Number of protein chains: 2
Amino acid sequence: MFSLLKNHINSRVLLTEEEFNICTKFFISKKLKKHQFLLNEGDVCKYIGFVNTGCLREYKIDNKGVEHILQFAIEDWWVSDLNSFLTGLPASYNIDALQDSDVLLLEKSAREELLKNCPKMERFFRLLIEANHVASQRRIADSLSASAEERYLKFIKTYPKLFEQVPQNQIASYLGITPQSLSRIRKELTQK
Amino acid sequence: MFSLLKNHINSRVLLTEEEFNICTKFFISKKLKKHQFLLNEGDVCKYIGFVNTGCLREYKIDNKGVEHILQFAIEDWWVSDLNSFLTGLPASYNIDALQDSDVLLLEKSAREELLKNCPKMERFFRLLIEANHVASQRRIADSLSASAEERYLKFIKTYPKLFEQVPQNQIASYLGITPQSLSRIRKELTQK
DNA sequence: AAAAGAAATTACCATATGGTAATTTTTTTT
DNA sequence: AAAAAAAATTACCATATGGTAATTTCTTTT
């Protein structure tokens, strides 16, 4: 149940067996069915979640009813509306499961306790948000400079597992194009 | 010289007079002439900079030679290639001055000393990166869902000072459109 | 103040992507 | 296995934005 998380943390911060065991106490395990929500826009995000199996997505719905995906989270990734989680403000995004999924949830107060009991994890969470920041910068840069086709090819290269695991219409939403456009782009690529 | 920084920090973290004075010791003041570089892509980003006066920008140049602006920093804002600064890896972006500017620079080792001498600042820097993360998420969401015209109007609303201070072609670059397109959009807006 | 350089505007056509709708294929539910 | 639902594809036209180039306005340098 915690073996994936153990490797995940240990590849970033060195914890003793005992320290890691303390950390695990603060997580709650939860199974999500496909389409089940972990967070609704407007609610406060109570957890950050570590994905053990399956796949979730964080997205918003615009005023025309169209979904826009900010992030996928497959196994070995974290998911939350970090702003809402940290500030207690209502969430700007929804989070739901694209497939049946197992997640480990860390509540805000549990996280604070965890950090008290295992201060090394401060560093871990700093590294996490830094990695997130880097990825966001790159995605912004790509949205400014790359065509839909280029963004699609970069996506495949950067996230090969997501590419395999996630339906095309979801990838299109992540890339900021319609499923029809992505289908056309794919066709053009095969013809090259 | 430090009064702006003082208000900036105190609005986020409460420091005593003495604590703040300790912090100031770690900053280096630097004047930049318009067009002067603070960072070149490929170099390691040695500083994070707090802008006292003027305006800088963080940007990359794509393979066609076009500039794409990731961030502006006017007075009371921070600027750096955070990834490069934190990891020591070569920077992905350039930083230069759009106007003559005064900045306070904090070197990596100075920052570490500062944090040792004034641990309250840990919280400050965490809040800083969190705010950054929120802004990035919002910008990504906008790039997915909003038209160029909508992004322009949001920009004006969100950053009225930048709108006054920064040339249009730079704003266009930030929005991911050509200066000509922005000019056309502005014309259409006046006609509405 | 004059000259040079940079920024903004305008126009015309090109191209990428969107909207709508119909069809086919794949997946899920019964 | 059949039926229903969802996803992917295709096509046709519409629209937003880009590319190029010329002109005007504004800013900086001499």
Side-chain angles (χ1 to χ4, degrees), chain A residues 32-36 54-55 57 59 62-69 72 96-101 142-156 162-192, chain B residues 32-36 54-55 57 59 62-69 72 96-101 142-156 162-192:
Chain A
L32 292 170
K33 281 285 172 195
K34 185 169 175 174
H35 298 136
Q36 194 178 341
C55 182
R57 59 177 184 160
Y59 65 100
D62 70 19
N63 40 31
K64 288 171 195 150
V66 181
E67 294 174 356
H68 301 282
I69 297 180
F72 295 110
D96 68 8
L98 285 175
Q99 310 163 3
D100 294 356
S101 302
D142 285 345
S143 82
L144 296 176
S145 65
S147 68
E149 179 176 313
E150 287 166 334
R151 297 201 303 279
Y152 176 61
L153 292 172
K154 280 194 191 188
F155 180 88
I156 296 172
L162 279 176
F163 171 63
E164 282 172 25
Q165 210 171 331
V166 171
Q168 263 185 61
N169 59 349
Q170 302 299 307
I171 295 177
S173 168
Y174 179 94
L175 295 174
I177 58 177
T178 59
Q180 292 88 334
S181 289
L182 181 53
S183 184
R184 181 179 29 71
I185 287 167
R186 283 163 52 83
K187 191 182 177 188
E188 285 163 10
L189 284 170
T190 58
Q191 287 167 357
K192 280 183 184 169
Chain B
L32 292 170
K33 281 283 174 196
K34 186 170 175 173
H35 297 136
Q36 195 177 342
C55 182
R57 59 178 184 158
Y59 64 101
D62 71 19
N63 41 30
K64 289 170 192 150
V66 180
E67 295 173 356
H68 300 281
I69 297 180
F72 295 111
D96 69 8
L98 285 176
Q99 311 163 3
D100 294 356
S101 303
D142 285 345
S143 81
L144 296 176
S145 65
S147 68
E149 181 177 311
E150 288 167 333
R151 297 201 304 278
Y152 177 60
L153 292 172
K154 279 194 192 189
F155 180 87
I156 295 172
L162 279 176
F163 170 63
E164 282 172 23
Q165 210 172 331
V166 171
Q168 262 185 61
N169 60 348
Q170 301 300 306
I171 294 177
S173 168
Y174 179 93
L175 295 175
I177 57 177
T178 60
Q180 293 88 333
S181 289
L182 182 53
S183 185
R184 181 179 30 71
I185 286 167
R186 284 163 51 81
K187 192 182 177 188
E188 286 162 9
L189 284 171
T190 59
Q191 288 167 355
K192 281 183 184 170

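Just so it is clear, the values below take in all heavy atoms, side chains as well, and ignore hydrogens, waters and symmetry mates. The model shown is predicted, which means the values in this text are computed figures rather than measured ones. In what follows, chains carry the letters A, B, and so on, assigned in the order in which the sequence lines appear, proteins first and then strands, with residues in each chain numbered from 1.
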Which heavy atom of A:Phe72 sits nearest to which heavy atom of A:Arg57, and what is that distance?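 Between these two residues, the closest heavy atoms are CD2-CB, 4.1 Å.
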Quick one: closest heavy-atom pair of A:Leu175 and A:Arg151, and the distance?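 The answer is O-NH2, 2.7 Å.
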Rounding to a whole Å, what distance do you find between [X]:[atom1] and [N]:[atom2]?
X	N	atom1	atom2	result
B:Gln165	C:dA7	CD	P	16 Å
A:Arg151	C:dA16	CZ	P	13 Å
A:Asp100	C:dT28	CG	C1'	12 Å
B:Gln99	D:dT28	CD	C1'	14 Å
B:Ile177	D:dT15	CD1	P	20 Å
A:Lys64	C:dG19	NZ	C1'	10 Å
B:Glu149	D:dA16	CD	P	9 Å
B:Leu175	D:dA16	CG	P	17 Å

Distance in Å, B:Asp62 CG paired with A:Glu150 CD, rounded so as to fall on 0.5 Å steps: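 Reported value, rounded in 0.5 Å steps: 8.5 Å.
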To the nearest 0.5 Å, what is the distance between CD (A:Glu188) and OG1 (A:Thr190)?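 Interatomic distance, A:Glu188 CD to A:Thr190 OG1, rounded to 0.5 Å: 9.0 Å.
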Can B:Lys33 and B:Asp100 be said to form a salt bridge (charged side-chain N to carboxylate O under 4.0 Å, His left out), step by step? CA-CA 4 Å; B:Lys33 281 283 174 196; B:Asp100 294 356; 3.6 Å; yes
For the pair A:Val166 and A:Cys55, evaluate side chain to side chain contact (heavy atoms under 4.5 Å, CB included) and give the outcome as yes or no after the intermediate values. CA-CA 8 Å; A:Val166 171; A:Cys55 182; 4.0 Å; yes
Checking B:Ser183 against B:Arg186: is there a side-chain donor and acceptor pair closer than 3.5 Å?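 Note: B:Arg186 and B:Ser183 side chains miss the donor-acceptor criterion.
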Who are the side-chain hydrogen bond (donor to acceptor under 3.5 Å, both in side chains) partners of B:Glu149, not counting sequence neighbours?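 Only B:Lys192 meet the side-chain hydrogen bond (donor to acceptor under 3.5 Å, both in side chains) criterion with B:Glu149.
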Do A:Tyr174 and A:Leu162 make a side-chain contact, defined as non-hydrogen atoms from C-beta onward lying under 4.5 Å apart?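 Not touching, per the 4.5 Å side-chain cut-off.
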Give the angle between the helix axes at the two ends of the helix from C:dA1-D:dT30 to C:dT30-D:dA1, taking five base pairs at each end and rounding to 10°.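 Nearest ten degrees gives 60° for this helix.
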Enumerate the protein-to-nucleotides 7-11 of chain D contacts in which both atoms are nitrogen or oxygen and the separation is below 3.5 Å.
unit_1: D:dA8; atom_1: OP1; unit_2: A:Gln168; atom_2: N; d: 2.9
unit_1: D:dA8; atom_1: OP2; unit_2: A:Gln168; atom_2: N; d: 3.4
unit_1: D:dA8; atom_1: OP2; unit_2: A:Asn169; atom_2: N; d: 2.7
unit_1: D:dA8; atom_1: OP2; unit_2: A:Asn169; atom_2: OD1; d: 3.3
unit_1: D:dT9; atom_1: OP2; unit_2: A:Gln168; atom_2: OE1; d: 2.7
unit_1: D:dT9; atom_1: OP2; unit_2: A:Gln168; atom_2: NE2; d: 3.1
unit_1: D:dT9; atom_1: OP2; unit_2: A:Ser183; atom_2: OG; d: 3.2
unit_1: D:dT9; atom_1: O5'; unit_2: A:Ser183; atom_2: OG; d: 3.2
unit_1: D:dA11; atom_1: OP2; unit_2: A:Lys187; atom_2: NZ; d: 3.2

Contact under 4.0 Å: B:Ser147 side-chain N or O vs D:dA16 OP1/OP2: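 For D:dA16, neither OP1 nor OP2 has a side-chain N or O of B:Ser147 closer than 4.0 Å.
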